Structure formats: structure tokens, C-alpha cells
Novice: 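Quick one: the structure is below, and I'll ask about it shortly.
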Amino acid sequence: MIKITFPDGTVREYESGITSMEIAKSISEGLARNVLSAKVNGEIWDATRPISNDSKLQLLTWDSPEGKATFWHSSAHLMAEALEILYPETKFGIGPPIEAGFYYDIDTGDHQILLADLPKIEAKMKELAANKSTYNRRVVSKSDAIEFFKEKEDEYKLELIEDLEDGSITFYQQGNFVDLCRGPHLPDTSKIKAIKLTNVAGAYWRGDEKRKMMTRIYGITFPKQKELTEYLELVEEAKKRDHRKLGAELELFMFSDKVGAGLPIWLPKGTALRSRLEDFLKEEQLKRNYQPVITPHIGKKDLYVISGHYEKYGQDSFHPIQTPREGEEFLLKPMNCPHHCEIYGHKPHSYRDLPIRIAEFGTVYRYEQSGELHGLSRVRGFTQDDAHIFCTPDQLKEEFLGVLDLTKLVLRKLGFDNYTAQISLRDQEDKSKYIGSDENWDRAEKAIIDATGEVGLETVIVHGEAAFYGPKLDFMVKDALGRSWQLGTIQVDYNLPERFQLEYIGSDNEAHRPVMIHRAPFGSMERFIGVLIEHTAGKFPLWLTPEQYAILPISDQYLEYANKVQATLSTLGLRGYIDSRTESIGRKIRDTELNKVPYMLIVGEKEESAGVVAVRKQGEGDQGAMKVEDWAIALKSNM
RNA sequence: GCCACCCUAGCUCAGAUGGUAGAGCAACGCAUUCGUAAUGCGUGGGUCGAGGGUUCGAGUCCCUUGGGUGGCUCCA
């Protein structure tokens, strides 16, 4: 007999060799039906694998991430089985589960798999799933494994096996399909009820751009058809909210072939929105003793040689601008910090001056790879809500707290309530790739951890993700559809003060190196607004929206009254426009609804004679008639 | 940058196998002065992303190039 310990601490005894599935059955049939795999002593196992020692056991179902991973991993195998039947010449790379679904990288030789082929593969998968084939695990020797895949002429699997240790190699088989795999897998294929292959794309073998480009097929599966339907609806909703689509429809920004890829052009409405965001932050920063500065868009190449950016990125970014003067070269600025370091360095500083907070909405240019460009999220010219705080090592934590507070305010103000902070620290194993003393690093890392703890921020710590010049914190923000985005960032930097020889005179009358903090609560205006568009589906908060109201006269007889209404609203500080087209009221309402203007004020004979407006709220309909002033005041108190 | 796919009127999209382009919406004109998501009728609009090639003939086939989409790699 063996002792099995459950997550709630209870212990039950079973025969040695019992499987998780059998244990689940001993608890309830319903549970057994839902079990996908099991965590045995922290390791994820097949539910059908015998347990022969005392163990801790957690049964995994669809509700756990590990359960989903098992489900999707098995789905990848199912797809591979279908592919092998349909395209016998296929060679297989890797086929893991991902955040939402799975993929398999395959090499189909001369035959190309197109999007149009996916339904056929999908159908074959459904057919195979219904066979209720079990996933059978077996341990094979390295030589047997090699022989098997030599036979199949699958050089990818052979390469994978090379890196594996003899004795730890397992095969899984369902139906006639055998795959090299660590597992675990589902008990059988019949659990996979709903199948959708979503995409086909290229992917380098082992992520190495020098190696062969394979075909990657993405898919997602669910235990219930309904869950697939819901998932597809979410994808549809995400498409509707796509900031590239809404940005064009709402006339916020555009791109032009002639201006160049990745260079967003802000249209009047987008500019109105962006300026309001900027003004909001500028005001907050003034309250917090930031000093706004303005620096040029270019700087001599030497500036970036000093900062180190030229060496690291010079070849892969915009190349220097030549001038009529021999040997003179300027760079489009890829970062604002070198300029700000020059500002700090232009006069001596006492420790009494610190911290110094230099802020600039600085536009920077980086030559992102053409394949990387994407709407406003990845561009070649963008504006950071940048600031650099120069402080003493002692002030680090206090300054961090201040920045955290400001960033939280920004996110709250824009309706992002769901976020975590990712703290990126040094790689503990290899400290050689970082610059700055151990003591300083320890101090900075501790300051970040302490500060986030003090403000009660939910954090994830990632070792080895720090920049070479210092640890950092990134805000990971979840939008209305539950998707995560990296927005604001705070980074500690020991490198630039060193390179620019920045100093302050301490109370000991000696020169010391200040610490620098880079921080940007929005991150970049472009990226932030892109995320904001998708988060709000284009229905921006009232204080931000380019147009707060539209006055819709029933006919042009009421234009004069409409003008009066608008004059009143302007005086009260609200912005909007009159739709003076000779169109039906139905038409005007429809167009205004589609433009997502939050309020419509309809004026006709009734309203004019009563001195009121008929208020209609976007997406909600008629709100009844009221005095303009009353409406405006109520609205403003809500903003 | 790499792989695949795409680019036809302002927008969304039709245009088997090569025979010099079409719809809806928008725009413009006229009529309509209208009560909570599209008033009616009419008109104009395209060097088919650009350049080159094959062909008697190219939106359609080939090459180069710009831009986009989905991935991969990258991201100060």
C-alpha cells in the first residue's frame, strides 16, 4: 500500500501501481471524467501512469493551466497524426502547447500547406479524435529512438534526440502515430471535442534564423463546443477593437507609404486626444517637481558613442546623417537620456540639489525590423513620456515610490484596474554581464522590491531579465479583453552616469556618482494609445475623447438654436460639433453612433420652444430632455 | 531581416483557365425640411501599389521594388 496526500492535506491509502485516474474514480465518477492529467510530487504525469510510491497528488482538470497544457499538447499530437495520414512525407519538429492552444512545426518538403488546407486537417482530426485512441507512453533506449526516426528520415527528431540522455527518452503513441515526447498526455483522444486550426505561419527550426524555415500550424481545442464558440467570439471582439482599424475609422492616425513604414501620422482628432493625455501627465509631473526640458531630435554621433548606444545598435538602426562638412555626423536620437545627461552635467551639483527630475515628451527614432512593425504598438518613430531622475543611492527607494505612485495614478485615470509589476533582476548565476558594483545592484534591487511591497503592488520577479545597466520594473497591464500589455517602465541605470562622468558633491565634500532612473508611465504615447483604443473599444473617457457631444438639429430650421446651445457649452468648457447636414435625424444619429461620440443633443421644435435639448447617450439611447446647463453641469461633475 | 499570403474607385469587396474593369457604401448634383441607427433620383470617379519582362494581347504569368497581414528572430 502507498500513501497518497491530496492538496487539502488528507491522506488516503491505495495499492501500489494505482493510477491517478483510478484514484479519481475512487473519489467520484464525475471527477474522473474531468481528469486530464495529474501532478505527482510536483511533476506532471499522465493520469494513466501507475504510481508506486507514497506521493503528493493533485488531479488536473481543464480549470488548471497545467490541465489545459496537457489538453493542448495532446491536441498537437492529434494534429500530427492527421498530418501524417494526409501528408505522409511530413517531418515533424516540435509541437508544444502555448498560452491559447498549440502549434506544430513541420517540414512538408515540396508540398506547401496553405490556410485553405486547414479545414481538411481539422476534419481528419475530428475523425481521429472520435476513435477514442489512448495515448500510450513507453520508455525507449536512445539507440532504438534513433533507429526509429532514421527509418522515418526525420532529421528534426534525430537532432532533438541527440540532446537527450539515454534512459530518459519516452515515446507516445495514439492510433498509428508515434512521437518522441516527454508527455504527459490525455487518457484518450475522445476528450478533444471542439477543434479549430487557426493559422499557418513560418517559423525557424529551433528559433534560429540561420536554420530552415518550417511551417507552423496553430490551433486550439476545447472539451466542449460551447467553449470554442466563446473563444471565437472573443477573437472576433478583439478584431473589432483592433486599434489599426478603429484608428482609421475614428480618424485618429494614419500611415503613408510615402512618409514611410512605421511612422505614424497623427490626425487632428488623434492629436486632440494625445495632447490631453500629455497635458494630464505634464500637470502631474509639475506637482511632483519634475522640470520639463526640450532637446533636439538629433545629436552628434559622438554623443551616442559616449552613451554606448552607437556601439550596440548603430549598425542596425538609422545610420548617421551626413552634412556638407567632411566627417560630421548626426544621429536621429534613439533615446532621450544622453541629452538629459548633458543637461545634468552642464553645471556642478550639490547633494542638496538632488534629486533632479528632468522630463521631456521626447520623440525618438529606432529602425525596427520591417517585419516587426505593427500599428502603433511597434513603430520607427515614437514619443516617450520620458524623465530621468538623478539621485543619490540613498534616495533610490523614495524616488521609486514616487514613480510607482505616479504610474498607478496614470493607470487608474485611464481605467486600467488590472495590472501587475514585473521586476527584472540580475541573473544570479552569471553576474559578469552586468556593469556596476555588486553593492549598488543589491541596493537597487532591494529598493525596487521594498518599494513595490510598500505600495502593495502585485509583482512577479524574473531573474536574468534585467538590462545590463540596471534592474527594472515593467507594468504589465490587462485590458478589457484580458490581454496583457507591457506599458510603463522604471529602470535603474548605473551605466550612463558613469559614461557621462556625472557627479555631485556630497556632504563629505567629495565627488560622487549619482544614480539615474529612467521612467515612462505611459511608455510611449503611440503604444499606450494603441492599447487604450483596444481597451475602450474607441469609447474614450469623457475627459479624453476628441468630441464630447454632437448637436443634431432635426432640420436646418433649428440651426440657430443649435448654435446657441453650442455657445453655452463652449462657455462651460465642453467641446463638440453641430451636424448641420441636410439629412434625416435617423441618419445623423447613426453616423454619430458609429463615430462613438459619447453624447448626442437633439434639437427640434419641441426643444427650442421649451429651451431644452433631447439627450441621447452613445450605445444607450434616449435619455430624455433637459436644460443644456443642467446636462453640462451633471456631465462635468462626472468627469 | 527571414518565411507565407495580400495590395483592384475614398472605404469594403467581385472580377474561372491571359482577351484592355464591376457592385455596395462614401463623394458630388437635384429634389426632400424630416423626431432617436441609412430619404429618393441622378452624376462623376480606377495608369488594377510602382517599375521591368514574357505574350499578338497582362488586373490575371515571371522578375525587381514599396506597403500591409500572420508568424519567426529582434526590441536601448
Side-chain angles (χ1 to χ4, degrees), chain A residues 98 103 105 112-116 198-218 239 242 244-245 248-249 251 254-263 304 307-317 333-338 364-375 377-380 382 384 386 467-470 472 486 489 491 493 495-496 518 524 527 552-559 581-595 600-607 614-625:
Chain A
I98 51 177
Y103 65 79
D105 283 347
Q112 215 182 74
I113 297 209
L114 303 172
L115 213 51
T198 50
N199 201 6
V200 42
Y204 300 114
W205 171 234
R206 310 200 104 176
D208 184 343
E209 63 181 300
K210 289 183 193 69
R211 307 199 61 178
K212 193 172 163 64
M213 175 70 70
M214 303 185 74
T215 304
R216 174 171 295 181
I217 304 179
Y218 285 89
K239 259 189 214 159
D242 191 317
R244 293 166 298 182
K245 183 170 173 284
E249 280 172 14
E251 296 185 351
M254 59 170 273
F255 290 90
S256 147
D257 292 5
K258 294 189 188 68
V259 173
L263 298 169
Y304 304 98
S307 75
H309 292 117
Y310 186 76
E311 197 199 339
K312 200 158 170 18
Y313 297 101
Q315 274 317 104
D316 299 323
S317 200
K333 73 174 168 186
M335 293 279 279
N336 300 301
C337 25
V364 297
Y365 298 89
R366 299 175 185 176
Y367 192 80
E368 302 293 353
Q369 299 183 59
S370 61
E372 266 317 313
L373 300 175
H374 180 92
S377 345
R378 195 77 185 271
V379 289
R380 285 180 173 160
F382 59 97
Q384 298 176 311
D386 214 355
F468 73 93
Y469 50 77
K472 63 175 180 172
Q486 191 218 303
T489 181
Q491 309 188 3
D493 189 346
N495 180 43
L496 283 183
H518 310 249
S524 94
R527 188 179 166 75
L552 313 182
I554 296 284
S555 79
D556 37 7
Q557 291 168 29
Y558 313 105
L559 262 179
R581 293 174 304 165
T582 312
E583 280 294 349
S584 70
I585 194 65
R587 178 52 177 274
K588 290 182 185 177
I589 287 169
R590 179 182 156 81
D591 290 348
T592 318
E593 287 279 349
L594 290 176
N595 281 323
M600 281 151 268
L601 306 176
I602 296 162
V603 295
E605 201 201 326
K606 282 185 285 182
E607 288 75 22
V615 179
R616 182 189 164 102
K617 198 168 177 183
Q618 200 269 352
E620 290 180 30
D622 198 354
Q623 309 283 300

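In this text the structure is predicted, and so the values were computed from the model without any measurement.
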Novice: Both distances under 3.5 Å, Watson-Crick or G-U wobble: report the partner of B/rG18, or none.
Specialist: none
Novice: Heavy atoms only, 4.0 Å cut-off, all strands: where does A/Tyr218 land among base, sugar-phosphate and nothing?
Specialist: sugar-phosphate
Novice: Hey, does A/Thr582 reach any base, or is it just sugar-phosphate, or nothing, if we go heavy atoms under 4.0 Å?
Specialist: base
Novice: May I ask you to evaluate whether A/Arg244 reaches the phosphate of B/rG67, defined as a side-chain N or O under 4.0 Å from OP1 or OP2?
Specialist: no
Novice: Please work out if A/Gly586 contacts a base, only the sugar-phosphate, or nothing of the nucleic acid, heavy-atom cut-off 4.0 Å.
Specialist: sugar-phosphate
Novice: Could you tell me whether the side chain of A/Gln618 and the main chain of A/Met600 form a donor-acceptor pair under 3.5 Å?
Specialist: no
Novice: At 4.0 Å (heavy atoms only), tell me whether A/Lys606 reaches a base, stays on the sugar-phosphate, or touches nothing.
Specialist: base
Novice: Would you indicate what A/Ser317 reaches in the nucleic acid, counting non-hydrogen atoms under 4.0 angstrom: base, sugar-phosphate, or nothing?
Specialist: base
Novice: Answer yes or no: is there a donor N or O on one side and an acceptor on the other, between the side chain of A/Arg366 and the main chain of A/Pro334, under 3.5 Å?
Specialist: yes
Novice: Could you state the CZ-C1' distance from A/Arg380 to B/rG1, rounded to the nearest angstrom?
Specialist: 10 Å
Novice: Write down the distance separating the P atoms in B/rC62 and B/rG22, rounded off to the nearest Å.
Specialist: 26 Å
Novice: Between B/rG19 and B/rU64, how far apart are the two C1' atoms, rounded to whole Å?
Specialist: 27 Å
Novice: To the nearest Å, give me how far apart CD (A/Glu620) and C1' (B/rA37) are.
Specialist: 15 Å
Novice: Would you indicate what A/Arg216 reaches in the nucleic acid, counting non-hydrogen atoms under 4.0 angstrom: base, sugar-phosphate, or nothing?
Specialist: sugar-phosphate
Novice: Sticking with atom P, work out how far B/rG40 lies from B/rG24, rounded to a whole angstrom.
Specialist: 13 Å
Novice: Looking only at side-chain N and O atoms, does A/His374 come under 4.0 Å of OP1 or OP2 in B/rG71?
Specialist: no
Novice: Please round to the nearest 0.5 Å and tell me the distance separating atom NZ of A/Lys472 and atom CG of A/Asp493.
Specialist: 12.5 Å
Novice: Base, sugar-phosphate or nothing for A/Phe255? Non-hydrogen atoms, less than 4.0 Å.
Specialist: nothing
Novice: Taking 4.0 Å as the cut-off, does a side-chain nitrogen or oxygen of A/Arg366 come that near to OP1 or OP2 on B/rC75?
Specialist: no
Novice: Rounded to whole angstroms, how far apart are CZ on A/Arg378 and C1' on B/rG1?
Specialist: 12 Å
Novice: Please state how far atom NZ in A/Lys472 lies from atom C1' in B/rA76, giving the value in whole angstrom units.
Specialist: 10 Å
Novice: Looking at B/rU33, B/rA37, B/rG67, which one has an atom nearest to any side-chain atom of A/Asp257?
Specialist: B/rG67
Novice: Quickly work out the A/Glu583 CD to B/rC34 C1' distance and round it to whole Å.
Specialist: 10 Å
Novice: Between A/Thr198 and A/Tyr218, is there a donor-acceptor pair closer than 3.5 Å when you use the side chain of the first and the backbone of the second?
Specialist: yes
Novice: Give the nucleotide from the list B/rG70, B/rC34, B/rG1 with an atom nearest to the side chain of A/Ala201.
Specialist: B/rG70
Novice: Identify the nucleotide, in any strand shown, that forms a Watson-Crick or G-U wobble pair with B/rA9, with both distances under 3.5 Å; if there is none, say none.
Specialist: none
Novice: Is there a donor-acceptor pair closer than 3.5 Å between any side-chain N or O of A/Glu607 and the backbone N or O of A/Gly604?
Specialist: yes
Novice: Within the 4.0 Å heavy-atom criterion, would you say A/Glu249 contacts the bases, only the backbone, or no part of the nucleic acid?
Specialist: nothing
Novice: Please measure how far the C1' atom in B/rC7 lies from the corresponding atom in B/rG51, and state the result in whole Å.
Specialist: 16 Å
Novice: Compute both the distance and the angle, then confirm whether A/Arg380 meets the cation-pi test with A/Tyr367: under 6.0 Å from the six-membered ring centre, within 45 degrees of the axis.
Specialist: yes
Novice: Assess the residue pair A/Lys239 and A/Lys245 against the criterion (side-chain contact (heavy atoms from CB on, under 4.5 Å)); give the C-alpha distance rounded to whole Å, side-chain angles, the decisive distance to 0.1 Å, and a yes or no.
Specialist: CA-CA 8 Å; A/Lys239 259 189 214 159; A/Lys245 183 170 173 284; over 6 Å; no
Novice: With sugar-phosphate meaning primed atoms plus P, OP1 and OP2, does A/Ala614 contact a base, only sugar-phosphate, or nothing at under 4.0 Å between heavy atoms?
Specialist: base
Novice: Counting the atoms with a prime plus P, OP1 and OP2 as sugar-phosphate, which does A/Ser584 contact under 4.0 Å by heavy atoms, base, sugar-phosphate, or nothing?
Specialist: sugar-phosphate
Novice: Counting heavy atoms from C-beta on, name the nucleotide in B/rG71, B/rC34, B/rA76 closest to the side chain of A/Ser555.
Specialist: B/rC34
Novice: Heavy atoms only, 4.0 Å cut-off, all strands: where does A/Ile585 land among base, sugar-phosphate and nothing?
Specialist: sugar-phosphate
Novice: If we take the C1' atom in both B/rG49 and B/rG35, what is their distance in whole Å?
Specialist: 46 Å
Novice: Write down the distance separating the P atoms in B/rC11 and B/rU20, rounded off to the nearest Å.
Specialist: 26 Å
Novice: Do we count A/Tyr313 as stacking onto B/rA76 if the rule is ring centres under 5.5 Å and planes under 30°?
Specialist: yes
Novice: Could you work out which one of B/rA76, B/rG35, B/rG1 sits closest to the side chain of A/Glu605?
Specialist: B/rG35
Novice: Would you sort out whether A/Asp591 and A/Arg581 count as a side-chain contact (heavy atoms from CB on, under 4.5 Å), showing the intermediate values?
Specialist: CA-CA 11 Å; A/Asp591 290 348; A/Arg581 293 174 304 165; 2.9 Å; yes
Novice: Would you mind classifying the nucleic acid contact of A/Gln623 as base, sugar-phosphate or nothing, using non-hydrogen atoms under 4.0 angstrom?
Specialist: nothing
Novice: In whole Å, what is the span from the CD1 atom of A/Ile554 to the P atom of B/rG35?
Specialist: 7 Å
Novice: Take the protein atom CG of A/Leu552 and the nucleotide atom P of B/rA37, then report the distance between them rounded to whole Å.
Specialist: 12 Å
Novice: Indicate whether OP1 or OP2 belonging to B/rU39 is found under 4.0 Å from a side-chain N or O atom of A/Arg587.
Specialist: yes
Novice: Could you work out the separation of B/rU8 and B/rA21 based on their C1' atoms and round it to a whole Å?
Specialist: 8 Å
Novice: Would you check, one step at a time, whether the test side-chain contact (heavy atoms from CB on, under 4.5 Å) holds for A/Ile554 with A/Glu605?
Specialist: CA-CA 8 Å; A/Ile554 296 284; A/Glu605 201 201 326; over 6 Å; no
Novice: In whole angstrom, what separates A/Lys312's NZ from B/rA76's C1'?
Specialist: 8 Å
Novice: With both distances under 3.5 Å as the test, what is the Watson-Crick or G-U wobble partner of B/rC48?
Specialist: none
Novice: Nearest to the side chain of A/Ile589, heavy atoms from C-beta on, is which of B/rA76, B/rU36, B/rA26?
Specialist: B/rU36
Novice: Rounding to an integer number of angstrom, what distance separates B/rG10 and B/rA27 when you compare their P atoms?
Specialist: 14 Å
